[in-house]
Amino acid sequence: MSIGSRAARVSSRVARGLALAGLAWTLAACSTTGRSFDTSTMNRIVPGQTTLEQASRILAAEPEHVYRQLDGSALAGWTHKASLVTDAVYFRRELWLRFDNTGRFQHVVDRVNVHGETGQAAEPLSLTEPVAASLPRAVPADFPYGPDFGDGPVAVYPVR
């Protein structure tokens with residue numbers, strides 16, 4: 001075996017060792033906390049309708065923090081942080097949602113690097129006078145067959 005080939009082998013081993021040491025140092029300098037969550041379908045989270053369990057399914061992750069209040073309401077936080085080379089490159093995402101005492105979503109409390117909006121609750125329908133006039137109305141109290149007649153309330157339907 002020649003001195004040149006032996007030196008090449010040693011050089012190759014040293015290079016591999018340095019590469020592994022560099023990789024180990026880089027991986028040791030990486031850290032993540034929290035859980036990654038998906039906000040691409042965040043518009044399915046609707047005020048007054050979506051529960052915490054449903055929000056967890058929509059975001060594809062359980063919240064990292066849930067703070068319950070004495071009145072039964074809750075504040076839920078989805079957080080995900082990743083750091084490369086000890087804060088040289090840093091990623092942070094947070095989403096904090098408030099749920100009322102019935103467990104329904106109320107509003108977004110805070111967001112950091114989260115894109116997308118929650119859905120909108122449907123506007124309540126108001127009956128206009130022409131529509132209300134065509135609906136059945138309750139029977140007056142002096143009607144011969146009142147609410148105690150038969151097995152339920154009575155309604156009068158207009159005959160045309």
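As a basis for the values below, the full set of heavy atoms in this structure was taken, side chains included, without hydrogen atoms, waters or symmetry mates. If you read the sequence from its start, that first residue is 1, and numbering goes on from there.
In this structure, CD1 in Ile45 is found 9.0 Å from CG in Asn43, a value given to the nearest 0.5 Å. The NE2 atom of His115 sits 12.5 Å away from the OG atom of Ser40 when rounded to the nearest 0.5 Å. Interatomic distance, CG of Asp38 versus CG of Leu59, reported as 7.5 Å (0.5 Å rounding).
Qualifying side chain to side chain donor-acceptor pair (under 3.5 Å) partners for Gln54, counting only residues two or more places apart in sequence or in other chains: Thr51. Applying the side chain to side chain donor-acceptor pair (under 3.5 Å) criterion to Ser56, with sequence neighbours excluded, gives no partner residue.
Defined by atom type and a distance below 3.5 Å, a donor-acceptor pair is present between the side-chain atoms of Thr39 and Arg93.
Alongside Leu70, the hydrophobic cluster contains no other residue (criterion: ILVMFWY side chains under 4.5 Å).
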For this session: Show the numbers, then the answer: is there a side chain to side chain contact (heavy atoms under 4.5 Å, CB included) between Thr79 and Thr33?
Result: CA-CA 8 Å; Thr79 61; Thr33 59; over 6 Å; no
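Looking at Met42 and Val114, their side chains come closer than 4.5 Å, going by heavy atoms from C-beta outward. Inter-residue side-chain proximity for Phe105 and Thr118 is flagged as met; some heavy-atom pair is nearer than 4.5 Å. Residues Leu95 and Val108 have side chains in contact (heavy-atom distance under 4.5 Å, counting atoms from C-beta outward). In this structure, the side chains of Phe37 and His80 come closer than 4.5 Å at one or more pairs of heavy atoms. Side-chain atoms of Val109 and Leu75, non-hydrogen and from C-beta on, do get closer than 4.5 Å to each other.
For His65 and Trp96, the distance between ring centers is under 6.0 angstrom.
Screening residues 62-73 for salt bridge (charged side-chain N to carboxylate O under 4.0 Å, His left out) gives Arg35-Glu64 as the qualifying pairs, with residues at least two apart or on separate chains. Pairs of residues two or more places apart, or lying in two chains, that qualify as salt bridge (charged side-chain N to carboxylate O under 4.0 Å, His left out) and include a residue from residues 96-114 are Arg111-Glu117. A salt bridge (charged side-chain N to carboxylate O under 4.0 Å, His left out) check over residues 49-61, counting only residues at least two apart or in different chains, returns the pairs Glu53-Arg57.
When every heavy atom of Ala61 is checked against every heavy atom of Trp78, the shortest pair comes out as O-NE1, 2.8 Å. Scanning all heavy atoms of the two residues, the minimum distance from Pro63 to Leu52 falls at CG-CD1, 4.3 Å.
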